[in-house]
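Protein chains get the first letters and strands the later ones, always in sequence-line order, with residue 1 at the start of each. Every heavy atom of this structure was used, including side-chain atoms; hydrogens, water molecules and symmetry mates were not.
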Amino acid sequence: MGDGKKVRVRFAPSPTGYFHIGGARTALFNWLYARHCQGTFILRIEDTDRSRSTDESLHTLLDGLRWLGLDWDEGPEAGGASGPYLQSERGDIYGQYLERLNESGRSYERDGAIWFRVSGRPVTIQDVVHGPVVRLEEKDFVIVRSDGSPSFHFANVVDDLAMEISHVIRGEDHLSNASKHVELFQAFGAIPPQFAHIPLILKTSGPGKMSKRETGALVDEYRARHYLPEALRNYLCLLGWSPKNDLEIMAIDDIIDRFDLAGINRSNARFDEKKLSHMNGTYLRRLSKKNFFLLAHPILAEKFGPAALADGAYVAKVLEICQEKVRSLEELPAFCAHFFQKNPELDAALWEKFFRESAACLEEFLSAIEMAKDFTADDLEDLLHHLAAAGGRTARDYIHPIRFACSGQLVGPSFYAMLATLGAGRVRDRLRRFLDRCRQ
RNA sequence: GUCCCGUUCGUCUAGUCCGGCCCAGGACACCGGAUUUUCAUUCCGGCAACAGGGGUUCGAAUCCCCUACGGGACGCCA
């Protein structure tokens, strides 16, 4: 805001691959800054390399941005006064700007392409995160390819000028290119925008920056794995920026309030999926019961079919006791499968072990609940404690085998709540089935 | 090779601008304990860093220089 000029920022991806984490973070920082300053966030598609641009990746990009909650004020599908927003449709504009360069003698033709003549003087890149960076651009470079299409450097600068971009926020891999861009702005007699070259995201381990090729690098992967977009977004905010008050889990409005370009770090950051995962879990547990249900239901329906979910009250109860324990929505189906299957799969080796060690406990428990009239978590806890005391055992001796016999698992929701939710019928059936199998 | 940027716990970071409050704080991960029920939840505790060397200063993570290491750019890719 500082200079009173209207803040206009842009995210300018090229739709040549999928939407990756680095791009998402760049989009996010632009969006945050625009919202912080009540400026304009523009989406511009740099598809000048037609051979590498596809419709599919454009849609992946738009969907990914929407999924992360990054809405754009101008751009594809939104329109705006500075359009069109696809570079492939801006040929006339590039032609006009090229003419200006021709007139001032800054361009020339060679090998069928049009080149820009550099000034031969160092230029200063005014960068908000790095401070002024002085760099000499030594070689002339192509601005229009021999096939007539504008090069990245040329189209990028022309568009930033035509769209009146006030701040260029992009990855640090462009810092060296910025001297070309400043030369171009100056050749047009324009004052370059403020730059903010943000640190790169490095791969989780090993050398180099994160590339689209490796697993965990694409926004779509997290979406497919049912990560919460708010969690991913929150995590990405903290990669290269911090609110400086030790807070990490923050509402997006609070982040917008505090976000500032000057607070962006200068060093590259390594992507830590474990921390993201932890953050996702925190968001999941903070969801209201209702929202958790809304998110989880379609995932379960896809896995178990709508028929298994016919009893809505039962599903709601299951989800309620799972929410506090499950790590992610991705793991939810496996975590709660036994609630929706007729007979959960029992691992043979474990069955053998529990049969050998705990058949007596299971028999005892089964006969105790055969006559039990109430089947709440509290009742079951009392019942089990009495049983254990009477038999000279501990509750633990019963819990493991019962959980296994009833769910086929060794971990799961809180034990008594699980039995109560399953209900007396299912619990008795499964215990009988387990014991019957022992007699064969 | 040339040029540009960077360097605080294993990782993300606070502190660096305006040197003392920092024998360096938070989070993830990891390890241990508690929740007289498992656990992947929750709570408590622990481990762990100023890249190295010179300077400036009464005093440096903070300022200056050098070295090392890391990253990036040098395309008719973006």
Side-chain angles (χ1 to χ4, degrees), chain A residues 12-17 23 46-49 51-53 87 110-115 122 125 127 129-131 133-139 141-156 170-180 197 199-202 204-205 207-209 235 238-249 262-263 265-279 281-282 284-285 322-328 331 335 380-381 384-385 388 394-404 407 409-416 418:
Chain A
S14 57
T16 56
E46 308 218 332
D47 56 350
T48 60
D49 185 358
S51 61
R52 297 206 316 173
S53 301
Q87 288 190 330
R110 197 214 309 168
D111 300 331
I114 299 174
W115 296 67
I125 301 149
D127 193 289
V129 345
H130 294 278
V133 176
V134 178
R135 201 180 118 91
L136 170 67
E137 191 58 44
E138 296 179 85
K139 298 190 294 190
F141 53 90
V142 169
I143 51 179
V144 179
R145 303 183 192 109
S146 49
D147 69 358
S149 61
S151 73
F152 158 69
H153 301 297
F154 182 62
N156 190 267
R170 62 185 7 169
E172 201 191 286
D173 48 346
H174 286 298
L175 184 52
S176 302
N177 290 148
S179 47
K180 289 186 180 71
H197 287 97
L200 266 20
I201 298 177
L202 270 23
T204 306
S205 61
K209 64 172 174 173
Y235 175 71
L238 266 25
L239 228 44
W241 176 82
S242 98
K244 307 186 190 326
N245 58 5
D246 285 347
L247 285 178
E248 294 199 329
I249 306 276
N265 290 131
R266 285 164 299 279
S267 52
N268 295 340
R270 225 170 254 282
F271 191 80
D272 185 354
E273 226 186 297
K274 288 235 179 83
K275 186 152 185 172
L276 201 209
S277 182
H278 173 267
M279 201 168 261
T282 304
L284 203 59
R285 263 163 260 116
C322 287
Q323 184 179 1
E324 58 186 35
K325 287 286 195 101
V326 74
R327 247 185 182 172
S328 66
E331 291 173 16
F335 192 80
L380 288 163
E381 187 166 2
L384 193 70
H385 283 308
T394 66
R396 169 183 294 223
D397 295 330
Y398 294 83
I399 287 166
H400 275 299
I402 295 171
R403 179 189 286 283
F404 178 73
S407 74
Q409 301 199 278
L410 303 177
V411 296
S414 175
F415 177 70
Y416 301 107
M418 180 193 90

Check whether any side-chain nitrogen or oxygen of [X] sits under 4.0 Å from OP1 or OP2 of [N], and answer yes or no.
{"X": "A:His174", "N": "B:A73", "result": "no"}
{"X": "A:Lys139", "N": "B:G75", "result": "yes"}
{"X": "A:His130", "N": "B:C5", "result": "no"}

Give none if [N] has no partner; otherwise give the nucleotide forming a Watson-Crick or G-U wobble pair with it, both distances under 3.5 Å.
{"N": "B:U62", "answer": "none"}
{"N": "B:U67", "answer": "B:A51"}
{"N": "B:C3", "answer": "B:G72"}
{"N": "B:U57", "answer": "none"}
{"N": "B:C28", "answer": "B:G10"}
{"N": "B:A34", "answer": "B:U42"}

Mind checking [X] for me? I need base, sugar-phosphate or nothing, with any heavy atom below 4.0 Å counting as a touch.
{"X": "A:Pro413", "answer": "base"}
{"X": "A:Val326", "answer": "nothing"}
{"X": "A:Thr48", "answer": "sugar-phosphate"}
{"X": "A:Phe141", "answer": "nothing"}
{"X": "A:Gly281", "answer": "nothing"}
{"X": "A:Leu200", "answer": "sugar-phosphate"}

Whole-Å distance between [N] [atom2] and [X] [atom1]?
{"X": "A:Asp397", "N": "B:U38", "atom1": "CG", "atom2": "P", "result": "12 Å"}
{"X": "A:Arg266", "N": "B:C4", "atom1": "CZ", "atom2": "C1'", "result": "16 Å"}
{"X": "A:Met418", "N": "B:A40", "atom1": "CE", "atom2": "P", "result": "17 Å"}
{"X": "A:Asn177", "N": "B:G71", "atom1": "CG", "atom2": "P", "result": "19 Å"}
{"X": "A:Asp111", "N": "B:G75", "atom1": "CG", "atom2": "P", "result": "14 Å"}

Q) Of the candidate nucleotides B:C5, B:U38, B:C28, which contains the atom at the shortest distance from the side chain of A:Arg403? A)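 Side chain of A:Arg403 sits closest to B:U38.
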Q | Of the listed nucleotides B:U37, B:C4, B:C74, the one nearest the side chain of A:Val133 | A |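 Nearest to the side-chain atoms of A:Val133, counting from C-beta on, is B:C4.
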Under 3.5 Å: donor-acceptor pair, side chain of [X], backbone of [Y]:
{"X": "A:Ser407", "Y": "A:Arg403", "answer": "yes"}
{"X": "A:Asn268", "Y": "A:Pro199", "answer": "no"}
{"X": "A:Arg327", "Y": "A:Gly281", "answer": "no"}
{"X": "A:Ser151", "Y": "A:Val142", "answer": "yes"}

Name the pairs: protein N/O against N/O of nucleotides 9-15 of chain B, kept only if under 3.5 Å.
| unit_1 | atom_1 | unit_2 | atom_2 | d |
| --- | --- | --- | --- | --- |
| B:C12 | OP1 | A:Arg270 | N | 2.9 |
| B:C12 | O2' | A:Leu238 | O | 3.1 |
| B:U13 | OP1 | A:Gly240 | N | 2.7 |
| B:A14 | OP1 | A:Lys244 | NZ | 2.9 |
| B:A14 | OP1 | A:Asn265 | ND2 | 3.4 |
| B:A14 | OP2 | A:Asn265 | ND2 | 3.2 |

Q: State whether the number of non-hydrogen atoms from other residues, nucleotides or ligands found under 6.0 Å of A:Arg266 atom CZ is greater than 12.
A: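 No, not enclosed.
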Check whether the side chain of [X] and the base of [N] form a donor-acceptor pair under 3.5 Å.
{"X": "A:Arg285", "N": "B:U41", "answer": "no"}
{"X": "A:Lys325", "N": "B:U38", "answer": "yes"}
{"X": "A:Ser176", "N": "B:C74", "answer": "no"}

Q | Sub-4.5 Å side-chain heavy-atom contact between A:Tyr416 and A:Leu384 | A |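 Yes - at least one pair of side-chain heavy atoms lies under 4.5 Å apart.
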Q. Under a 4.5 Å cut-off applied to non-hydrogen side-chain atoms, are A:Leu380 and A:Phe415 in contact?
A.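 A:Leu380 vs A:Phe415: side chains apart.
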Between [M] and [N] - [atom1] atom distance, rounded Å:
{"N": "B:A34", "M": "B:C39", "atom1": "P", "answer": "11 Å"}
{"N": "B:G70", "M": "B:U8", "atom1": "C1'", "answer": "15 Å"}
{"N": "B:U16", "M": "B:C76", "atom1": "P", "answer": "44 Å"}
{"N": "B:G25", "M": "B:C47", "atom1": "P", "answer": "11 Å"}
{"N": "B:C18", "M": "B:A60", "atom1": "C1'", "answer": "14 Å"}
{"N": "B:A14", "M": "B:C9", "atom1": "C1'", "answer": "13 Å"}
{"N": "B:A29", "M": "B:C65", "atom1": "P", "answer": "40 Å"}
{"N": "B:A51", "M": "B:G32", "atom1": "C1'", "answer": "32 Å"}

Q | From A:Lys209 atom NZ to A:Glu172 atom CD, the distance as rounded to the nearest 0.5 Å | A |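 Taking NZ in A:Lys209 and CD in A:Glu172, the distance rounds to 10.5 Å.
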Q) Which comes earlier along RNA chain B counting from the 5' end, the contact point of A:Val142 or that of A:Phe415, where each point is its nearest nucleotide? A)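 Mapping each residue to its closest nucleotide by heavy atoms, the 5'-most match is A:Phe415.
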Q: Please figure out whether A:Thr16 or A:Lys209 has its closest RNA chain B nucleotide nearer the 5' end.
A: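 So the residue in question is A:Lys209.
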Q | Sole candidate of A:His174, A:His153, A:Lys139 that passes side-chain contact (heavy atoms from CB on, under 4.5 Å) when paired with A:Lys180 | A |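 Answer after filtering A:His174, A:His153, A:Lys139: A:His153.
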Q: Verify whether one side chain among A:Ser149 and A:Asp147 offers a donor that lies under 3.5 Å from an acceptor in the other.
A: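 On atom types as modelled, these side chains qualify, holding a pair under 3.5 Å.
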